[in-house]
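Whatever order the structure lists them in is the order used to number ligands and atoms, beginning at 1.
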Amino acid sequence: MDYQHLIEEVYQEVRSKDPRGKVANYIPELESVDGEKFGIALVDLEGNVFGAGDYQEPFSIQSISKVHTLTMVAHVFHEKLWSKVNVEPSGNPFNSIAQLEFEKGIPRNPFINAGALVITDALTSKFENPIEKITRFINDVSGKECVKINQDVMDSELDHSERNTALAYFLKAYKNFDNKVEDVINTYVSHCSIELCCVDLARSISFLANDGYSIYAKREIVTESVARRINALMLTCGFYDESGEFAFRVGLPGKSGVGGGVAAVMPHKFSIAVWSPELNEKGNSVKSILALELLTDKLKFSLF
Ligand code: GLU
């Protein structure tokens with residue numbers, strides 16, 4: 001398969017269709033990013049890299065970091081984790097407070113903000129310096145010192161973290177949160193402010209395309225069964241309340257972030273990351289999703 005040719009074709013087609021959206025502005029610093037940026041990187045399981053456009057430029061991975069934190073926790077807490085957070089698609093906005101009350105403090109899944117806060121709380125209980133561990137984990141699975149936390153994005157999000165703070169207090173009221181709210185919010189905002197380029201992001205989730213084994217760290221990161229579960233969660237819950245649409249159009253396990261990134265895996269073949277900052281009204285990158293749709297159409301395979 002000539003992945004380089006394929007990616008260039010997809011890149012050109014998306015550029016010529018040029019669907020538009022809006023750069024996220026609820027974290028003001030994210031709005032300073034050039035909406036025209038667009039990059040794609042595909043990494044196969046031998047470590048070959050194929051890229052097009054701005055694929056070497058770091059961007060804010062935001063919620064895609066929830067895949068990394070979930071992996072760290074799933075590995076450590078095993079089945080215990082699933083009593084603290086559910087595994088159902090939410091069908092509601094990612095920062096819904098009403099849903100958390102309705103669900104009596106057990107978040108619908110680990111990728112909505114309430115669920116991710118439970119995960120970050122678990123990491124805070126486990127590690128003295130959780131953000132250092134998260135950084136080390138991502139560097140390890142990518143085989144590279146690639147993680148950089150963007151301080152401006154972090155400060156900007158901290159200044160606007162009322163909803164996440166409210167979710168954390170709600171979780172605490174339901175006894176599903178053990179640490180100081182401020183500490184967990186700090187760690188959560190730090191991991192959301194991590195910047196990676198498409199290549200490093202694709203490398204960092206490559207183990208999920210490879211039954212849990214990282215070709216970069218040269219070890220099993222999670223068992224095959226945990227990898228399968230994380231992929232199932234990405235497929236059903238990775239795109240906010242548009243997860244069904246992504247499965248319908250693309251058919252790969254993936255996760256998006258409000259920085260405009262999407263990371264996805266084709267099990268036993270490759271991992272891929274696409275970045276374009278302009279988002280649709282559900283918070284997903286317009287060009288990134290179209291690129292992945294064209295890619296699976298041209299490949300003539302997805303999970304289905
Ligand atoms: N840090 C963002 C928030 O909590 C992440 C949102 C996202 O990428 O889904 O609002």
Participant: Under 30°, 30 to 60°, or over 60°: which ring-plane class applies to Trp275 and Phe59, parallel, tilted or perpendicular?
Facilitator: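 Ring orientation, 0 to 90° scale: parallel.
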Participant: Would the number of heavy atoms belonging to other residues, nucleotides or ligands and lying under 6.0 Å from CZ of Phe102 be above 12?
Facilitator: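 Open: at most 12 neighbouring heavy atoms sit under 6.0 Å from CZ of Phe102.
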Participant: Identify the residue among Phe246, Phe111, Phe94 that makes a ring pair (Phe, Tyr, Trp, His ring centres under 6.0 Å) with Tyr240.
Facilitator: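 With Tyr240 as partner, ring pair (Phe, Tyr, Trp, His ring centres under 6.0 Å) holds for just one option, Phe94.
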Participant: Applying salt bridge (charged side-chain N to carboxylate O under 4.0 Å, His left out) as the test, list every pair that has at least one member in residues 33-45; sequence neighbours left out.
Facilitator: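 Qualifying pairs: Arg15-Glu36, Arg20-Glu36, Lys37-Glu57.
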Participant: So, Thr69 and Lys66: side-chain donor and acceptor under 3.5 Å apart, yes or no?
Facilitator: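 Result is no, nothing qualifies.
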Participant: Looking at Thr187, Asp121, Thr124, which hits side chain to side chain donor-acceptor pair (under 3.5 Å) with Asn179?
Facilitator: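 Checked Thr187, Asp121, Thr124 against Asn179; only one passes side chain to side chain donor-acceptor pair (under 3.5 Å): Asp121.
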Participant: Could you tell me, for ligand 1, which of its N or O atoms are under 3.5 Å from any protein N or O, listing the pairs and their distances rounded to 0.1 Å?
Facilitator:
unit_1: ligand 1; atom_1: 1 (N); unit_2: Gln62; atom_2: OE1; d: 2.7
unit_1: ligand 1; atom_1: 1 (N); unit_2: Glu157; atom_2: OE1; d: 2.9
unit_1: ligand 1; atom_1: 1 (N); unit_2: Glu157; atom_2: OE2; d: 2.6
unit_1: ligand 1; atom_1: 4 (O); unit_2: Asn113; atom_2: ND2; d: 3.0
unit_1: ligand 1; atom_1: 4 (O); unit_2: Glu157; atom_2: OE2; d: 3.3
unit_1: ligand 1; atom_1: 4 (O); unit_2: Asn164; atom_2: ND2; d: 3.0
unit_1: ligand 1; atom_1: 4 (O); unit_2: Tyr188; atom_2: OH; d: 2.6
unit_1: ligand 1; atom_1: 8 (O); unit_2: Ser63; atom_2: N; d: 3.0
unit_1: ligand 1; atom_1: 8 (O); unit_2: Ser63; atom_2: OG; d: 2.9
unit_1: ligand 1; atom_1: 8 (O); unit_2: Tyr240; atom_2: OH; d: 3.2
unit_1: ligand 1; atom_1: 8 (O); unit_2: Val258; atom_2: N; d: 2.8
unit_1: ligand 1; atom_1: 9 (O); unit_2: Ser63; atom_2: OG; d: 2.5
unit_1: ligand 1; atom_1: 9 (O); unit_2: Tyr240; atom_2: OH; d: 2.5
unit_1: ligand 1; atom_1: 10 (O); unit_2: Tyr26; atom_2: OH; d: 2.6
unit_1: ligand 1; atom_1: 10 (O); unit_2: Asn113; atom_2: ND2; d: 3.4

